[in-house]
Amino acid sequence: KYYDFLQEFIPKIAQATFDAMNQSEEKIGLQAMEFWCSLCDEEIDRLENYDEHNQPAPGREARFYIKGVADDLTVFILMHLAKDNEFDDEWNI
């Protein structure tokens, strides 16, 4: 719903969510991570709807916000995966 209006806010959102994931209590950090998961799902959905000429459906252009944070997000995820020694079904950070 708000995807198309995020562009100017992404740098501040990234800073706030990465700070939350690194410094806040776990519940807040998980919500920050969920933001990026939801954004990624939206971008995948938009990209899957491109036509055979690589053109987006009207009003469904992917803006590739995730590409801008992919390196930092990958480092964060790998760092926390390496730190988590338990194998259970619950997400944590």
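Position 1 is the first residue of the sequence; numbering continues from there.
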* Asked: Does Ile66 belong to the same Ile/Leu/Val/Met/Phe/Trp/Tyr cluster as Leu47, with side-chain heavy atoms less than 4.5 Å apart forming each link?
  ->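 Different hydrophobic clusters.
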
Rounded at 0.5 Å granularity, tell me how far [atom1] in [X] sits from [atom2] in [Y].
X     : Y     : atom1 : atom2 : result
Lys12 : Ile10 : NZ    : CD1   : 12.5 Å
Ile44 : Asn49 : CD1   : CG    : 12.0 Å
Cys40 : Glu34 : SG    : CD    : 11.0 Å
Leu39 : Ile13 : CG    : CD1   : 8.0 Å
Trp36 : Asp41 : CH2   : CG    : 13.5 Å
Lys67 : Leu73 : NZ    : CG    : 15.0 Å

* Asked: Where is the tightest heavy-atom contact between Tyr65 and Gln7, given as atom of each residue plus distance?
  ->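 So the two residues come closest at OH-N, 3.2 Å.
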
* Which atoms form the tightest heavy-atom contact between Met21 and Ala32, and what is the distance? ->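 Taking Met21 first and Ala32 second, the nearest heavy atoms are CG-CB, 3.6 Å.
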
* Asked: Which residues satisfy the side-chain contact (heavy atoms from CB on, under 4.5 Å) test with Asp51, sequence neighbours excluded?
  ->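 If we apply the side-chain contact (heavy atoms from CB on, under 4.5 Å) test to Asp51, skipping adjacent residues, the hits are His53, Gln55.
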
* How would you list, by chain and number, every residue that makes a side-chain contact (heavy atoms from CB on, under 4.5 Å) with Asn54, sequence neighbours excluded? ->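 Counting only residues at least two positions away or on another chain, Asn54 forms a side-chain contact (heavy atoms from CB on, under 4.5 Å) with Tyr50.
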
Could you give the side-chain donor-acceptor pairs of residues 56-64 under 3.5 Å, partners two or more places apart or in another chain?
from: Arg60; atom 1: NH1; to: Glu42; atom 2: OE2; distance (Å): 3.1
from: Arg60; atom 1: NH2; to: Asp45; atom 2: OD2; distance (Å): 2.4
from: Arg63; atom 1: NE; to: Asp4; atom 2: OD1; distance (Å): 3.4

* Asked: Passes side-chain contact (heavy atoms from CB on, under 4.5 Å), Ile77 versus Met33? Steps please.
  -> CA-CA 9 Å; Ile77 292 168; Met33 178 61 84; 3.8 Å; yes

